[in-house]
Amino acid sequence: MLDKTYNPQDFEEEIYKKWESDGDFKPDMKSDKDAFCVVLPPPNVTGVLHMGHALNDTLQDILIRYNRMLGKKVLWQPGTDHAGIATQMVVERNLAKEGISRRDLGREKFIETVWKWKEQSGGTICKQLRRLGASCDWSRERFTMDEGLSAAVRKIFVKLYKDGLIYKAKKLVNWDSKFMTAVSDLEVVQKETVGKMYYYKYPIAGEEGEYIHIATTRPETMFGDTAVAVSKDNEKLKHLIGKKAILPIINREIPIIADDHADPEKGTGAVKITPAHDFNDFEVGRRHNLPLVNILNPDATLNENTPFAGLDTQTARQKTIEKMEELGLMEKIEDHPMVIPYGDRSGVVIEPLMTDQWFVDAPTLAKEAIRAVEDGETKFVPQSYEKTYFEWMRNIQPWCISRQLWWGHQMPIWYAEDGTIFCEETEAEAQAAADKQFGRHVNLTRETDVLDTWFSSGLWAFSTLGWPDENSDYLKTFYPTSVLVTAFDIIFFWVARMMMMSMYGMKKIPFKTIYMHGLVRDEKGQKMSKSKGNTVDPMETIEKYGADALRFFMAAMETQGRDINMNENRIAGYRNFATKLWNAARFGEMNEAKPVKDFNISEVKLAINKWIIAKAQEATLEVSKNIEAFRFSDAANGVYQFVWGTFCDWYIEMIKPILYGEDEAAKQETRASFAWVLDRILVILHPFMPFITTQLWDNLASRDVKLIHHPWPQNEVIDDQSAQALDMVIDIISSIRSLRAEMNLPAGAKLKAYVKDASASELSHIKDFANIICSLARLESIEALSGAASSDMVQTVSGNLTILIPLKGVVDFAAERERLQKELAQLDKNLAGYAAKLSNASFVERAPAKVVEEEKRRQSEALANKEKVEAALARIANL
RNA sequence: GGGUGUGUAGCUCAGGUGGUUAGAGCGUUACGUUGACAUCGUAGAGGUCGCAAGUUCGAGUCUUGCCACUCCCA
């Protein structure tokens, strides 16, 4: 027997453990069916599950479970990302608590510590994914730093290097002074702030009392100035071009050059050029062959090229201003709105800095990645994301892949004493190559930089399937993967890079479809963030409402291209939905509705049972179609509507008279049909709510097949002949219920009803379903009206039928007149609309005949109804 | 500044290709403990579909302009 109340905490975790220990998530590699594969976007190993994951993983699990039930060979490939900076940060913070810095430990010991941390605390998010019900094949769990994936990284790195697509260059890069590493453009966030604009002047060399006026937001960088630029079109200032300015304080002469970077309309029209510390100035410097003067140390303090060595930029700025004031060169300081770059992990100001770094030639790799999408080999859903993708890919910049961190893939690069570079997959190979080239044994030292985390996750679609082993069964079976499901915020970080790396490494697309979903926001539509304190922990939600309710919420809210706002009421609503299903199942149990082996739906005789079976099949079709089209909300709402609105609200209520009646054959068939439909519900609801469906499946009967592997119904022939009769019954019941409510008839009053204007077949249906109608509309009887309607009868119209109920002295006829007047007004309004359309010659001429016919039908129906209502009004006019 | 979305009931949201009286859940009102379920049932109220013009026999849906907000890129 099922428990009286639905309590997901009682069974969800156990069910998951059983699936996992039974190997239910593993693909049957011997099967000859189509393959279906999804790679899990690897969460950071430091991560904990947030609502974004809950959405992402629910959608993937729905696709995975649906396709598994379709009988395909299904793999959901899980794993985690080593998350370079994030992980190093966590471990460094832990060490700091014990007063140890990573430098105290040294590189090797530190990395050991990270690995230890990973073993102990790295698996949190994977446990949480299990709690959500994600049916990943955990036996194949990978980590971006594990041996296989590291081999993939080395192999592709060497290949790229030898193809000339990885190179070392001294360039201006985004420098994070907290972690003392370069970061990529994507890891920099631009924040708007109100800063200051400083106006000062530089003396002109050899011209006493002449100055050039400068406006800058960063006075302390003046020690790195190697020119002042003026536009050649600047009438006021162009006479200065070719002269020299003197950098005050350090008294260095710098040229005044002509360059359009200096906009005559902005600031003073003259711009100080600091090529080593500004991306724009760097370009100016290159155009004019200006020297680069670096004024910063790696920790963003000023160096000995300045008078303020060792001071941080803020202090140095104050000192510079003071000095300039002393010299009488400071003019004014104004508030100035500006955009300042910050490190997305470190939160410190990012400084452009000249350093030696390694780059991937992204513009070259992007070509194939663009082509694959242009040619439709990979499709974006919703398609509009193609635009974003193309926009980015066509303007892509070289990708800085080196990081001056310790945690990550160390680059397979070795230097000889003279600096010659050797790039091989192993040290031995590098040594051999070096010895061969030099003709003697040389000492090699390895590059200390590690790779950007996204370099290894860029290989994820194929490295997890066994590459570089080209003969791997999994690689052959599952590559290209079927669908990638991800949020749009990592389209550049990850999706674009996987496309590039896969097209380069595999010469084939990584996935056929990329499904992009939105972000999960808080109730007000604000982005969730720890600093705002508006995050909702999915684990707490699951604890309170069950994983199924959270999953169903995510599915039901997922409409293409839109963000999802959290809504606890709604989650509670889906928990109620689960409760509803639970109680429906209990109803079946109490009424001995057990699944019947080899139950043949084509032999079902009762219209009510035929009807619900057809409706269940229609719902199945709807769910299938919508999942295939990635219309998750339509799919979820389809099952919801069927379970609650059709099965519980109508079918269960309508079969009660049968189940409590005397007709044994009818009872038997109804019990079997009920059980069949309930089973069908469990099947089509399973991808959305795997736990409750499995719990019910396992407890309602002994089964030959586990629900997780139950075949998904396909190609069914739907017999909906009985649909019309049942629709009429439902319509009659609804009309009578409305009438009762509107007239405030006591719920307990048993009434007699008479039907007018019914055809012979309609009358026979009414007779067949009389007990159902009476039970649900709380009538004493329903039969055909013989003779004229008596004057105390109130009426309601249902389709083309008129239902009359005599109400001697029970009713307030004034209220009834009011009700009928209201109905009449509505009918008149509609009739006016139909008449306007049909008297419009161009409508009748140009609209399709079907539409015109339909309009005429509606008009005549409304007219007939109007007559009936008028008759009823006349009848009770004097009461 | 460039680009992209969004604006529908009190709230949160659905409304592929234009065609009934624009739907759901929550909330709300009235009634109800009828032998699964009060985490419930029945019935109702509630909308100039952001604004304005246009195309069309017909516009929530297509076009243009405007307003407000979101996000991405500079």
Side-chain angles (χ1 to χ4, degrees), chain A residues 2 4-7 185-186 190 339 382 384-385 387-388 391-392 395 488-489 491-492 518-519 521 523-527 545 549 553 556-591 593 625-626 629 631 633-634 636-637 640-641 644-645 648-649 652-653 656 659-660 674 733-748 750 775-778 826-827 829-831 833-834 836-848 850-852 854-855 857-859 861-862:
Chain A
L2 294 172
K4 189 157 185 339
T5 52
Y6 163 64
N7 204 345
D185 296 347
L186 288 172
Q190 308 287 343
V339 174
S384 54
Y385 282 105
K387 264 192 215 164
T388 317
E391 190 62 27
W392 163 261
N395 296 298
F488 65 81
D489 56 342
I491 183 169
F492 306 134
L519 263 33
R521 299 167 173 281
E523 305 238 351
K524 297 182 200 104
Q526 302 278 316
K527 207 165 174 170
Y545 298 105
F553 169 80
M557 296 300 284
E558 174 59 19
T559 49
Q560 288 180 10
R562 244 185 118 125
D563 287 348
I564 291 177
N565 291 355
M566 278 313 292
N567 189 331
E568 188 169 345
N569 279 341
R570 201 137 178 165
I571 296 173
Y574 292 126
R575 188 270 323 268
N576 295 354
F577 172 62
T579 305
K580 187 80 181 173
L581 175 65
W582 186 267
N583 284 311
R586 285 181 57 232
F587 172 82
E589 215 174 30
M590 289 171 188
N591 288 284
K625 266 179 14 201
N626 283 317
R631 300 178 70 90
S633 78
D634 287 342
N637 289 328
Y640 182 96
Q641 191 48 48
W644 201 317
C648 292
D649 285 350
I652 289 186
E653 293 309 320
K656 279 178 183 172
L659 293 176
Y660 305 147
F674 178 99
I733 294 166
S734 299
S735 299
I736 296 173
R737 280 173 171 173
S738 286
L739 182 74
R740 296 185 70 121
E742 278 172 43
M743 301 193 65
N744 284 320
L745 299 184
K750 286 268 183 177
S775 133
L776 296 197
R778 306 190 61 73
Q826 183 62 47
L827 282 167
K829 194 182 139 202
N830 294 348
L831 279 166
Y834 302 140
K837 268 193 180 177
L838 289 166
S839 63
N840 180 344
S842 55
F843 170 74
V844 179
E845 264 171 51
R846 300 196 195 185
K850 228 169 71 183
V851 175
V852 177
E854 178 62 17
E855 207 67 16
R857 194 193 60 72
R858 281 176 207 146
Q859 187 186 39
E861 188 180 283

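Everything numeric here is computed off the predicted structure, so don't read it as measured data. In the text below, chain A, chain B and the rest are named by the order of the sequence lines, each starting its count at 1.
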Using atom types as modelled and distance alone, determine if a side-chain donor or acceptor of [X] lies under 3.5 Å from a backbone N or O of [Y].
X: A:E523; Y: A:E568; result: yes
X: A:D563; Y: A:L519; result: yes
X: A:R740; Y: A:R778; result: yes
X: A:R562; Y: A:M557; result: no

Spacing of the [atom1] atoms in [M] and [N] (rounded, Å):
N: B:A24; M: B:U8; atom1: C1'; value: 13 Å
N: B:C13; M: B:G7; atom1: P; value: 10 Å
N: B:U63; M: B:G18; atom1: P; value: 11 Å
N: B:G50; M: B:A38; atom1: P; value: 41 Å
N: B:G15; M: B:G23; atom1: C1'; value: 7 Å
N: B:C69; M: B:G44; atom1: P; value: 40 Å
N: B:G54; M: B:A59; atom1: P; value: 12 Å
N: B:A45; M: B:U39; atom1: C1'; value: 25 Å

Nearest-nucleotide 5' precedence on RNA chain B, A:S633 against A:I652 = A:S633
5′-ward residue of the pair A:T559/A:K4 relative to RNA chain B | A:T559
Measure from the side chain of [X], starting at C-beta and using heavy atoms only, and say which of [options] lies closest.
X: A:K656; options: B:U6, B:A36, B:A43; value: B:A36
X: A:R778; options: B:U39, B:U34, B:U42; value: B:U34
X: A:S738; options: B:A43, B:A36, B:C72; value: B:A43
X: A:N565; options: B:G41, B:A36, B:U12; value: B:U12
X: A:K387; options: B:U39, B:C37, B:U4; value: B:U4
X: A:K527; options: B:C72, B:A36, B:A43; value: B:C72
X: A:M557; options: B:U12, B:A36, B:U39; value: B:U12
X: A:R631; options: B:C40, B:G16, B:C73; value: B:G16

Rounded to the nearest Å, what distance is computed from the [atom1] atom of residue [X] to the [atom2] atom of nucleotide [N]?
X: A:K580; N: B:C40; atom1: NZ; atom2: C1'; result: 6 Å
X: A:E391; N: B:U4; atom1: CD; atom2: C1'; result: 10 Å
X: A:D489; N: B:C72; atom1: CG; atom2: P; result: 9 Å
X: A:D563; N: B:U4; atom1: CG; atom2: P; result: 18 Å
X: A:L739; N: B:C31; atom1: CG; atom2: P; result: 18 Å
X: A:F488; N: B:G5; atom1: CZ; atom2: P; result: 13 Å
X: A:R575; N: B:C37; atom1: CZ; atom2: C1'; result: 13 Å
X: A:W392; N: B:A74; atom1: CH2; atom2: C1'; result: 12 Å

Which residues satisfy the side chain to side chain contact (heavy atoms under 4.5 Å, CB included) test with A:E589, sequence neighbours excluded?
-> A:M1, A:L2, A:L700
Under 4.0 angstrom between A:R562 side-chain N/O and B:A14 OP1 or OP2 = yes
Measure up the A:F488 and A:Y385 rings against each other and bin them: parallel (under 30°), tilted (30 to 60°), perpendicular (over 60°).
-> parallel
Do the rings of A:F577 and A:W644 sit parallel, tilted or perpendicular, given the 30° and 60° boundaries?
-> parallel
Ring centre gap for A:Y574 and A:Y545 strictly below 6.0 Å = no
N/O-N/O pairs, protein side and nucleotides 25-28 of chain B side, under 3.5 Å:
from, atom 1, to, atom 2, distance (Å)
B:C26, O2', A:N569, ND2, 3.4

Those stems involving RNA chain B that have three or more consecutive Watson-Crick or G-U pairs, both distances under 3.5 Å, are B:1-3 with B:71-73, B:5-7 with B:67-69, B:10-13 with B:23-26, B:28-32 with B:40-44, B:50-54 with B:62-66
May I ask you to check whether over 12 heavy atoms, not counting those of A:E653, lie within 6.0 Å of atom CD?
-> yes
Mind checking whether [X] and [Y] have side chains closer than 4.5 Å, heavy atoms only?
X: A:K656; Y: A:F587; result: yes
X: A:Y6; Y: A:K580; result: no
X: A:I652; Y: A:F674; result: yes

Select base, sugar-phosphate, or nothing to describe what A:F577 touches, counting heavy atoms under 4.0 Å on all strands.
-> nothing
Have a look at A:E589 and say if it touches a base, only the backbone sugar-phosphate, or nothing, with a 4.0 Å heavy-atom cut-off.
-> nothing
Can you find a donor-acceptor pair, distance only, under 3.5 Å between A:Q560 side chain and B:A14 base?
-> no
